[in-house]
Amino acid sequence: MQSVSQWFDEEPRISILRDGQPQADRDCLMVWIQRAQRAHANPAINTAIELARELDLPVIAVFCLVPAFPSATLRPYHFMAEGLQELPDALATRKIGWHLETGEPGKVIPSLARKHRASVLVTDLNPLRIGRQWRDRVADRIDFPMLVVDSDTVVPSSLFTKEEYAARTIRPKIQRVLNQHLVRIPDTHAPVASDVREGPEPLEAIAQFELDTSVGPAPDFRSGEREARRRLHDFVVNRLGRYDQERNRADIDAGSQLSPYLHYGQISPIEVALAITESNVPAAAKDSFVDELIIQRELSINFVLHNADYDRYAGLPDWGRKSLAEHAGDPREHEYTRGQLEAAGTHDDLWNMAMTQMINEGWLPNRLRMYWGKQIALWSASPETAFRNTVYLNDKYFLDGRDANSYGNIGWCIGGRHDRPFGPERPVTGLVRPMGMGAMKRTFDVNAYITAIRERWVSPRLPLE
DNA sequence: ATCGGCTCGCGCAA
DNA sequence: TGCGCGAAGCCGAT
């Protein structure tokens with residue numbers, strides 16, 4: 001058989017981390033599931049199956065639960081583990097085996113590959129730094145081919161070879177090729193069934209980890225592929241039609257709330273996009289959702305893939321840092337430490353309730369994510385501190401934190417990432433676009449939101465005697 | 001209620 | 001080299 005680079009020549013979704021000829025005398029094809037934590041509509045799995053058919057071998061999916069993922073508390077671990085529980089059975093319907101282990105991927109994955117005598121290792125694409133480090137470490141420690149399949153974008157990220165400047169620069173490039181990628185991903189079957197099913201139950205495994213349990217499971221987000229699909233259809237049927245009108249309504253939270261499921265790859269963005277485009281709602285509603293799901297989301301993925309400082313102040317655009325530096329000495333009308341912010345103890349009720357919802361629910365409506373970050377920029381001793389604290393709180397509390405979208409949003413809030421300068425120049429934030437209480441009041445019922453969060457988390461109504 | 005100006009820089013037309 | 005226009009704002013003029 002030819003080398004994997006020849007086999008998958010000109011496939012924009014697939015990159016070769018270690019080239020070579022698949023060995024036919026091995027025992028399986030191995031899929032290392034990282035980000036695409038789903039059994040269906042999964043390009044990485046399909047790639048492994050394609051090779052398995054050529055070699056007439058079974059396919060085994062492996063997952064490595066890492067005991068200390070940076071800045072992850074019990075909250076994301078619980079969501080991830082609950083979703084993983086579905087996978088062995090769901091994969092079995094495609095005749096794929098399952099083996100979960102805990103530890104460091106750089107050690108665990110090569111050892112699993114040796115144990116099961118893998119011919120080729122296929123994995124999916126986590127665009128963040130840690131994903132790349134793990135992949136590189138694994139590729140260094142195996143002596144057979146390894147492929148990375150971009151499984152969580154609509155348009156393969158490799159088609160954009162440089163850091164895009166803004167939505168307006170990536171939009172036409174995406175539009176040009178969108179239709180050829182908006183194609184349903186089939187659920188093929190492995191040619192030979194695998195009966196491998198090893199490893200602990202994910203929820204039991206994470207119970208052994210030393211996690212920060214002060215941030216508990218997100219109460220409103222049941223996890224898993226099935227739940228993701230249920231939510232998608234609920235959104236399409238009940239709310240998509242008004243999305244362009246109501247997207248900013250933080251008081252009713254009119255969004256899809258799919259981002260945790262997309263973050264953990266429990267649903268394919270292509271499946272989401274197809275459900276939207278095939279639905280029977282006004283074009284304006286579809287267009288505004290698709291712009292979020294594809295243009296903005298894939299712009300953020302492009303950003304973290306091409307900017308090594310995506311989660312650092314240094315990664316902000318030059319004009320933004322320059323303007324912020326010129327205002328570094330401006331007096332702050334209010335100034336809060338990380339501790340004061342985390343205690344939701346500012347002078348601003350709306351901000352405090354947003355922080356309260358974030359801490360307790362792991363979630364905020366879109367509109368408030370912007371307001372939340374923009375105020376931290378205004379209230380911090382320096383823009384660098386603002387950036388650091390925003391990343392810290394974002395990644396600690398959001399169920400969908402530690403995501404490319406997180407860093408895109410934080411960069412936009414603090415330093416005008418993917419935005420343009422906005423005069424007139426203001427104290428503290430300079431030319432970075434402001435977003436204050438006026439914008440909130442113009443778009444939703446601020447008092448209704450404050451009251452709802454206060455009743456839910458601060459002074460809940462006590463049951464009558 | 002709606003509108004222009006504020007300000008920078010990318011990408012395309014020329 | 002010039003020019004149009006842009007992640008979701010704000011303020012003041014009409």
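Note that these values count all heavy atoms, side chains included, but never hydrogens, waters or copies made by symmetry. Just so it is clear: chains get the letters A, B, ... in the order the sequence lines come, proteins before strands, and each one is counted from 1. All values reported here derive from a predicted model rather than from experimental measurement.
- Across all strands shown, K441(A) has no heavy atoms under 4.0 Å from either base or sugar-phosphate atoms.
- Here the side chain of N248(A) is nearest to one of dA8(C), dT7(B), dG4(C), namely dA8(C).
- Between K173(A) atom NZ and dC12(B) atom P there is a gap of 7 Å when expressed in whole angstrom units.
- In this structure, dT7(B) makes no Watson-Crick or G-U wobble pair, since no nucleotide meets both defining distances under 3.5 angstrom.
- The R247(A) side chain lies nearest to dA8(C) when the options are dG9(C), dC8(B), dA8(C).
- Judged purely by distance below 3.5 Å, without hydrogens or angles, the side chains of R367(A) and T443(A) pair a donor atom with an acceptor atom.
- dA8(C) makes up no base pair with any nucleotide shown, lacking Watson-Crick or G-U wobble contacts both under 3.5 Å.
- Note on A167(A): only backbone sugar-phosphate atoms sit closer than 4.0 angstrom, heavy atoms only; bases stay farther off.
- For M370(A), the listed nucleotide lying nearest its side chain is dA8(C); candidates were dG9(C), dC8(B), dA8(C).
- Using a 4.0 Å heavy-atom cutoff across all strands shown, G416(A) reaches no nucleic acid atom at all.
- Remark: the separation of the P atoms in dC12(B) and dA7(C) is 15 Å, to the nearest Å.
- Atom pair K322(A):NZ and dC8(B):P shows a separation of 7 Å (rounding to whole Å applied).
- Residue R426(A) has its side chain nearest to dC11(C) when only dG11(B), dC11(C), dA8(C) are considered.
- Here, dG9(C) and dC10(B) have their P atoms 23 Å apart, quoted to the whole Å.
- Of the candidates dG9(B), dC10(C), dG9(C), dC10(C) carries the atom nearest the R442(A) side chain, counting heavy atoms from C-beta on.
- Atom pair E425(A):CD and dC11(C):P shows a separation of 16 Å (rounding to whole Å applied).
- Closest approach of M355(A) to W372(A), counting heavy atoms only: SD-NE1, 3.4 Å.
- Nucleotides dA8(C) and dA1(B) have their P atoms positioned 22 Å apart, rounded to a whole Å.
- Separating the CZ atom of R420(A) from the C1' atom of dA7(C) is a distance of 10 Å, rounded to the nearest angstrom.
- Rounded to whole angstrom, the span from the CZ atom of F289(A) across to the C1' atom of dA8(C) amounts to 16 Å.
- In summary, of the residues considered (V108(A), V138(A), V122(A)), a side-chain contact (heavy atoms from CB on, under 4.5 Å) with W32(A) occurs for V138(A) alone.
- Distances from the side chain of Y165(A) to the nucleotides dG9(C), dA8(C), dG9(B) place dG9(B) closest.
- Separating the NE2 atom of H418(A) from the P atom of dA8(C) is a distance of 14 Å, rounded to the nearest angstrom.
- Ring geometry, F221(A) versus W363(A): the interplanar angle falls from 30° to 60°, so the pair is classed tilted.
- Here dT7(B) presents its C1' atom at 11 Å from CG of D419(A), a figure rounded to the nearest Å.
- Contact annotation for R171(A): backbone-only contact, meaning every heavy-atom pair under 4.0 Å involves sugar-phosphate atoms and none involves a base.
- The line from CD of E225(A) to CZ of R38(A) is 7.5 Å long, rounded to the nearest 0.5 Å.
- A donor-acceptor contact under 3.5 Å is formed by the side chain of R168(A) with the base of dC10(B).
- In this structure, W372(A) places its CH2 atom 21 Å from P of dA8(C), rounding to the nearest Å.
- Counting non-hydrogen atoms under 4.0 angstrom, P424(A) reaches a base of the nucleic acid.
- Shown here for Y449(A) and F444(A), the closest heavy-atom pair between the two residues is CB-CE1, 4.0 Å.
- Taking 4.0 angstrom as the limit, R321(A) places none of its side-chain polar atoms (N or O) nearer than this to OP1 or OP2 of dC8(B).
- Distances from the side chain of M435(A) to the nucleotides dG9(C), dA7(C), dG11(B) place dG9(C) closest.
- Relative ring orientation between Y407(A) and Y310(A) is described as tilted, the plane-to-plane angle lying within the 30° to 60° band.
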